[in-house]
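Okay, structure first, notes after.
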Amino acid sequence: MEANGVQPTAGVFNSLIHVCFSSGNLFTAISLFEIMESSEGFIPNSDTYDAYISGFLKSGIFDSMQAWYSAKKAADLNSNIETYQSLISGCVKLRNYELADMFYKEMVVSGVMPNLPILECMLEGLCKRRSSGQVKEFLAMVRGYGWKVSEKMAEMVVGLHTELGKVERLEELLETLMESDQNSEALLPVYCGIIRMYALMDRLDYVEYSVGRMLKQGLSFRHEEDVEKVICSYFRLSEYDRLELFLECIKGSYVLTSSTIDLLVSGYKRAGLSDKLNDMKLAGGSS
């Protein structure tokens with residue numbers, strides 16, 4: 001190294017450690033630490049320990065990762081928000097949720113406040129564990145920190161409750177978000193999730209009420225799948241007049257896609273209502 005004009009520093013060694021882990025050369029990675037430990041000019045620093053923690057975490061070797069995390073604490077080197085974010089996100093990706101919980105608790109106890117990516121990771125872990133009650137408590141804690149619920153967080157919660165078939169939990173979430181003055185990016189996934197679930201249950205009264213309150217907030221559908229689930233519900237119940245009213249309500253805020261137009265064309269044809277196509281000028285949309 002020195003023969004090539006490269007002066008050894010802790011930063012250089014840390015980079016080499018990352019390279020060793022990336023290439024799967026764990027033995028050399030450990031040897032580099034031993035060299036640093038016996039030196040005077042480039043002793044291991046916080047980033048050095050983080051390199052081993054991250055390397056073993058990505059390798060899925062949790063015992064070694066925890067050992068290096070403990071060694072860092074024993075060396076009186078504090079972990080910062082970036083370290084905890086790496087640890088928690090890595091554990092969640094590898095589905096080791098209990099370990100993620102442990103790091104999160106240690107972070108809070110140490111006085112480090114979570115950032116939004118960490119909160120999103122923790123919520124992801126709870127959703128993957130299908131823990132509806134804990135999700136509700138966690139969101140309350142997020143608001144307690146003064147954070148806004150992000151669009152990503154809202155989508156995760158909607159996905160969980162949709163999977164569990166708990167539309168009432170989404171209604172509760174919507175009410176809570178409205179009371180805490182959340183932005184529209186977080187509200188829209190919840191509105192659409194509620195509408196989608198009511199449509200799948202063919203509860204048209206609730207669908208229409210939910211669409212109406214969403215539109216009153218100045219929001220509208222973003223994805224054709226949600227619109228098409230509503231349309232399919234109308235067709236299943238043979239509620240063609242109500243379908244027309246629904247389309248009339250959303251036409252100022254949502255442009256029907258070719259897929260949705262094709263769905264309408266085929267649905268009206270099956271019902272023997274081809275005249276509806278002329279009334280709506282949709283005949284040209286059939287494939």
Side-chain angles (χ1 to χ4, degrees), residues 127 130 132 135-136 139 149 151-178 182 184-287:
C127 287
R130 297 162 61 91
S132 179
V135 164
K136 183 177 181 180
L139 290 176
V149 174
E151 181 179 4
K152 181 179 178 181
M153 295 171 82
E155 288 174 346
M156 285 190 284
V157 177
V158 169
L160 169 66
H161 292 318
T162 299
E163 183 182 346
L164 297 176
K166 293 187 174 181
V167 69
E168 68 281 358
R169 283 295 175 90
L170 290 185
E171 291 282 11
E172 291 174 8
L173 174 61
L174 179 61
E175 183 179 350
T176 301
L177 293 179
M178 293 289 289
Q182 292 289 324
S184 59
E185 286 76 14
L187 290 172
L188 185 57
V190 184
Y191 275 120
C192 290
I194 290 171
I195 292 167
R196 188 166 57 245
M197 290 187 72
Y198 284 139
L200 291 171
M201 293 185 283
D202 289 333
R203 298 172 69 177
L204 286 183
D205 288 343
Y206 289 91
V207 169
E208 291 165 351
Y209 169 75
S210 300
V211 170
R213 66 180 173 180
M214 177 179 71
L215 295 176
K216 286 179 182 177
Q217 291 294 319
L219 303 174
S220 188
F221 293 101
R222 183 183 296 171
H223 304 295
E224 64 182 19
E225 293 84 358
D226 295 330
V227 176
E228 291 174 3
K229 281 182 170 56
V230 174
I231 291 172
C232 286
S233 180
Y234 282 115
F235 277 133
R236 282 193 298 270
L237 298 174
S238 302
E239 291 284 1
Y240 308 114
D241 291 338
R242 293 173 74 174
L243 171 55
E244 285 191 72
L245 290 173
F246 166 72
L247 295 172
E248 183 68 23
C249 282
I250 67 170
K251 73 176 184 180
S253 59
Y254 180 82
V255 178
L256 299 180
T257 65
S258 58
S259 168
T260 305
I261 292 172
D262 287 345
L263 175 65
L264 286 165
V265 170
S266 61
Y268 279 131
K269 284 183 176 179
R270 282 196 305 271
L273 296 170
S274 297
D275 58 308
K276 295 283 188 184
L277 305 178
N278 296 324
D279 293 342
M280 299 175 59
K281 299 181 181 180
L282 288 175
S286 58
S287 48

### Query
When you look at T176 and L139, which way does the side-chain contact (heavy atoms from CB on, under 4.5 Å) test go after all the steps?
CA-CA 10 Å; T176 301; L139 290 176; over 6 Å; no
Validation row: [X], [Y] side chains within 4.5 angstrom (heavy atoms):
X	Y	answer
Q217	L188	no
E228	T257	yes
K269	V265	yes

### Query
When you look at L160 and R130, which way does the side-chain contact (heavy atoms from CB on, under 4.5 Å) test go after all the steps?
CA-CA 7 Å; L160 169 66; R130 297 162 61 91; 4.1 Å; yes
### Message
Is it the case that over 12 heavy atoms from other parts of the model lie below 6.0 angstrom from the OH atom of Y240?
### Response
yes
### Task
Determine whether more than 12 heavy atoms belonging to other residues, nucleotides or ligands lie under 6.0 Å from atom OH of Y206.
no
Quick check: closest heavy atoms across [X] and [Y], and the distance to 0.1 Å?
X	Y	value
T260	I231	CG2-CD1, 3.4 Å
L264	F235	O-CZ, 3.9 Å
E224	Y254	CA-OH, 3.2 Å
L164	S132	CD1-CB, 4.0 Å

Got a list of side-chain donor-acceptor pairs under 3.5 Å for residues 189-204, not counting sequence neighbours?
unit_1	atom_1	unit_2	atom_2	d
R196	NH1	D226	OD1	2.5
Y198	OH	E171	OE2	2.8
D202	OD1	S233	OG	2.8
D202	OD1	R236	NE	3.1
D202	OD1	R236	NH2	2.8
D202	OD2	R236	NE	3.2

If you measure from [atom1] on [X] to [atom2] on [Y], what distance do you get to the nearest 0.5 Å?
X	Y	atom1	atom2	result
L245	E239	CG	CD	10.5 Å
E244	Y268	CD	OH	5.0 Å
E172	E175	CD	CD	8.0 Å
L187	E185	CG	CD	9.0 Å
K251	S220	NZ	OG	13.5 Å
C232	L243	SG	CG	10.0 Å

## Note on the structure
Sorted by chain and residue number, the side-chain hydrogen bond (donor to acceptor under 3.5 Å, both in side chains) partners of E151 (sequence neighbours excluded) come out as R222
### Query
Yes or no on side-chain contact (heavy atoms from CB on, under 4.5 Å) for M178 and L174, after CA distance, side-chain angles and deciding distance?
CA-CA 6 Å; M178 293 289 289; L174 179 61; 4.1 Å; yes
### Query
Any idea how F221 and F246 line up, ring-wise: parallel (<30°), tilted (30 to 60°), or perpendicular (>60°)?
perpendicular
